[in-house]
Amino acid sequence: QVQLVESGGGLVQAGVSLRLSCEASGRTFESYAMGWFRQAPGAEREFVTAISWGGARTIYADSVKGRFTISRDNAKNTVYLRMNSLKPEDTGVYYCARDRAIRRPVLASTGIQYDLWGQGTQVTVSS
């Protein structure tokens with residue numbers, strides 16, 4: 001059974017950087033696009049970024065564009081989220097997710113297009 005496990009969250013001050021990791025079990029990681037979502041307290045879950053199965057294509061929410069970078073290492077079954085210049089509004093639980101479709105040609109930015117989710121890692125940014 002494939003599982004996703006996030007790590008790297010924490011409590012940080014505004015302006016610093018964090019790198020989240022999401023490690024997948026199983027042998028088909030390299031065939032699926034991966035995404036990161038986040039959910040702030042009392043808010044809906046929102047899309048943050050996604051990366052294609054080969055790593056060549058990425059998309060970002062406008063709120064993180066230029067500050068966050070998604071990457072993946074298929075040899076390690078791991079997707080990363082580098083977050084720079086963190087702001088208090090970046091606070092939330094960050095989830096990685098696997099695309100529902102194998103080798104989807106267009107990156108997905110809605111949660112329903114992902115069918116496997118990690119347990120989440122908390123990121124808290126203080127001002």
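The shown structure was predicted, so the numbers you read here are calculated from the model rather than taken from an experiment.
- Side-chain atoms of E6 come within 3.5 Å of backbone N or O of C96 as a donor-acceptor pair.
- Here the straight-line distance linking atom NZ of K87 with atom OG of S127 works out to 13.5 Å at 0.5 Å rounding.
- For Q39, the side chain to side chain contact (heavy atoms under 4.5 Å, CB included) criterion is met by R45, Y95, not counting sequence neighbours.
- For D73, the salt bridge (Lys or Arg N to Asp or Glu O under 4.0 Å) test picks out no residue, with sequence neighbours left out.
- Listed by first and then second residue, the salt bridge (charged side-chain N to carboxylate O under 4.0 Å, His left out) pairs involving residues 9-18 amount to none (not counting sequence neighbours).
- Remark: S109 engages F47, I59 in a side chain to side chain contact (heavy atoms under 4.5 Å, CB included) (not counting sequence neighbours).
- With sequence neighbours excluded, the residues that form a side chain to side chain contact (heavy atoms under 4.5 Å, CB included) with A40 are A43.
- Judged purely by atom type and a 3.5 angstrom limit, T124 has no side-chain atom pairing as donor or acceptor with the backbone of L11.
- For residues 49-69, the salt bridge (charged side-chain N to carboxylate O under 4.0 Å, His left out) pairs, not counting sequence neighbours, are D62-K65, R67-D90.
- Nearest approach of S63 to R38, heavy atoms of both residues: OG-NH2, 3.5 Å.
- Listed by first then second residue, pairs satisfying side-chain hydrogen bond (donor to acceptor under 3.5 Å, both in side chains) with a partner in residues 7-34 read S17-N84, not counting sequence neighbours.
- Pairs engaging residues 93-108 under the salt bridge (charged side-chain N to carboxylate O under 4.0 Å, His left out) rule: R98-D115, D99-R104 [sequence neighbours left out].
- Residues passing the side chain to side chain contact (heavy atoms under 4.5 Å, CB included) test with V5, sequence neighbours excluded: Q119.
- Under the ring pair (Phe, Tyr, Trp, His ring centres under 6.0 Å) criterion, the residue pairs touching residues 99-127 are F37-Y114, F37-W117, with sequence neighbours excluded.
- The hydrophobic cluster around L86 extends to V2, L4, V12, V16, L18, L20, F29, M34, W36, V48, I51, Y60, V64, F68, I70, V79, L81, M83, Y94, L116, V123, V125, counting ILVMFWY residues whose side-chain heavy atoms fall within less than 4.5 Å of a member.
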Using side-chain contact (heavy atoms from CB on, under 4.5 Å), reason through S52 and L107 one step at a time and then give a plain yes or no. CA-CA 6 Å; S52 60; L107 289 172; 4.0 Å; yes
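- The side-chain hydrogen bond (donor to acceptor under 3.5 Å, both in side chains) search around E89 returns none, not counting sequence neighbours.
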